Amino acid sequence: MIENFETLFKWSQTDFLSPKKIDDLRNFFGNLEIAWEKGDEKSFKKAGINPNSVDGFFQRKTKLNIEKLWQKYQKIGAKMMFIEDENYPQQLKEIDAPPIFLFYKGEIKEQDNFAFAVVGSRVYSAYGKEATLKIVPDIAKAGFTIVSGLARGIDTLAHKEALRMEGRTLAILGSGIDNIWPSENRSLAEKIIDGQGAVISEFPLGTAPIGYNFPRRNRIISGLSKGVLVIEGKKKSGSLITAHIALNQGREVFSLPGNGFSALSEGPNTLIKKGEAKLVTCVEDILEEFNLDLKTEKKDLRVPKNEKEKSLLDILGDNPKMFDEIVAESELGSAEISSLLTILEIKGYAQNLGMGQWVRI
């Protein structure tokens, strides 16, 4: 059952439960409206919610003034998107525990499904800066929307380069969209909102940029993206957390190799050594993984480059077809078909409908 807007908005304002726990409650009660109206501390615990989260939820719930909160969102021009909405990003929907609610300012467009994440250290080296200024503009030229976290350092450079190239960029926050952090990036956020992208968060208004929010933020960065490039980062850093989340989500991970004696290159070098990331020194190292050519105009990225792609398009029809059906009709292996379908989706010839279904578009 798809709950009504008012019910979903209420739940979006009680940030004490993860998307997984909210989904558990939906399954336990049948729908979130019943959980909101009939649920009590005892039943929540029976549904598997830990006592501390239960206490926090009900304390927050008793203080909510839904009408006042809704007026606040309207006043600042905030928009909301729910996982059931048709325009909710499809590839984000398919990750483990996707955000049930997204708050944003700006515009999220269909072309943003063709997105690529760039992350790195807040304090970067001259080498990291040079690499970002060299590679990110070319990623944007290839038609990717640049996704990052609006943090100081590499994130900021990535967003700015996307804007400079008149490309699109999405900034994912670990705070409410009314609480831009760091504060010096408020003007950058406004430039993104004003026409070349969106500032996005799953956290309600007023949420502070607290440390434990950022791993949750990072899964959205990688979840929205076809791949993730790690420019610089220590072994234990947010960039490495994002890379490992991306790997778990089945995303392509790329790393800039660095000085073996530099702490800032520990993270990327480790990913490369373990075979978890592809070594990148130029944009072609990224584009070849998606069978794209930088010299090709963006509109021509849709043109199949080889006979296997053309053959797979012939198998795909105007009606949805299950992945197993596609494999059965093809002479290719399932792993290769999966890769080719991703390429065709990027080029705009195929669409992943979810639940293993694909269709030609």
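One is the number of the first residue; the rest follow in order along the sequence. Keep in mind that this is a model prediction, so the values were computed, not measured.
Contact of the Leu157 side chain with the Val136 side chain is not registered, since no non-hydrogen atoms from C-beta on lie closer than 4.5 Å. No side-chain heavy atom of Glu161 sits less than 4.5 Å from a side-chain heavy atom of Ile146. With a 4.5 Å cut-off on side-chain heavy atoms, Leu312 and Glu309 do not count as touching. Residues Thr270 and Leu240 form no side-chain contact, since every pair of their non-hydrogen atoms from C-beta on lies 4.5 Å or further apart. No side-chain heavy atom of Tyr104 sits under 4.5 Å from any side-chain heavy atom of Ile177. The side-chain heavy atoms of Pro19 and Glu202, taken from C-beta on, include a pair separated by under 4.5 Å. In this structure, Leu69 and Leu64 have side chains that are in contact, with non-hydrogen atoms separated by less than 4.5 Å. When side chains are defined from C-beta on, Pro99 counts as touching Leu92, because their heavy atoms get closer than 4.5 Å.
Side-chain atoms of Lys234 do not come within 3.5 Å of backbone N or O of Glu266 as any donor-acceptor pair. One N or O on the side chain of Ser12 and one on the backbone of Phe9 form a donor-acceptor pair closer than 3.5 Å.
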Please tabulate, for side-chain N and O atoms in residues 251-263, each donor-acceptor pair with protein atoms closer than 3.5 Å (sequence neighbours left out).
from, atom 1, to, atom 2, distance (Å)
Arg251, NE, Ser222, O, 3.2
Arg251, NE, Ser225, O, 2.8
Arg251, NH1, Gln249, O, 3.3
Arg251, NH2, Gln91, O, 3.2
Arg251, NH2, Gly223, O, 2.8
Asn259, OD1, Phe261, N, 2.8
Ser262, OG, Leu264, N, 3.3

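In this structure, Ile83 CD1 and Ile22 CD1 are separated by 10.5 Å, a value rounded to the nearest 0.5 Å. Residue Leu188 holds its CG atom at 9.0 Å from CD1 of Ile180, rounded to the nearest 0.5 Å. Here the CG-CE distance, from Leu8 to Met81, works out to 13.5 Å after rounding to the nearest 0.5 Å.
Heavy atoms from other residues, nucleotides or ligands lying under 6.0 Å from CG of Asp96 number 12 at most. Within a 6.0 Å radius of NZ in Lys160, other residues, nucleotides and ligands contribute 12 heavy atoms or fewer. The neighbour count for Lys191 NZ, taken as heavy atoms of other residues, nucleotides or ligands under 6.0 Å away, does not exceed 12. In Glu190, the CD atom is crowded: over 12 heavy atoms of neighbouring residues, nucleotides or ligands sit closer than 6.0 Å. Applying the 6.0 Å contact sphere to CD of Glu184 captures more than 12 heavy atoms from other residues, nucleotides or ligands.
Ring geometry for Tyr73 versus Phe103: interplanar angle of 30 to 60°, hence tilted.
At a threshold of 4.0 Å, the pair Asp138-Lys141 counts as salt-bridged, since one of the basic side-chain nitrogens sits closer than that to a carboxylate oxygen. A salt bridge does not link Asp314 with Lys310: every distance from a Lys NZ or Arg NE/NH1/NH2 to an Asp or Glu carboxylate oxygen is 4.0 Å or more.
Ser239 pairs by the side-chain hydrogen bond (donor to acceptor under 3.5 Å, both in side chains) definition with nothing, not counting sequence neighbours. Residues passing the side-chain hydrogen bond (donor to acceptor under 3.5 Å, both in side chains) test with Asp40, sequence neighbours excluded: Ser43. Residues satisfying the side chain to side chain contact (heavy atoms under 4.5 Å, CB included) criterion with Ser330, sequence neighbours excluded, are Ile315, Leu332, Ile337.
Sorted by first and then second residue, the ring pair (Phe, Tyr, Trp, His ring centres under 6.0 Å) pairs involving residues 154-209 (not counting sequence neighbours) are Trp181-Phe214. Pairs of residues two or more places apart, or lying in two chains, that qualify as side-chain hydrogen bond (donor to acceptor under 3.5 Å, both in side chains) and include a residue from residues 115-135 are Ser125-Glu232.
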*Where do Asn248 and Ile245 land on the side-chain contact (heavy atoms from CB on, under 4.5 Å) test, with the steps shown first?*
CA-CA 5 Å; Asn248 289 334; Ile245 292 172; 5.6 Å; no

*Could you go through the side-chain contact (heavy atoms from CB on, under 4.5 Å) check for Phe323 and Ser334 one step at a time?*
CA-CA 9 Å; Phe323 180 80; Ser334 59; 4.0 Å; yes

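For the side-chain contact (heavy atoms from CB on, under 4.5 Å) with Val119, the lone residue among Ile241, Ile154, Val230, Leu229 that qualifies is Val230. Each of Glu37, Glu33, Glu67 was checked for a salt bridge (charged side-chain N to carboxylate O under 4.0 Å, His left out) with Lys10, and the lone residue meeting it is Glu37.
The ring of Phe290 has its center no closer than 6.0 angstrom to the ring center of Phe114.
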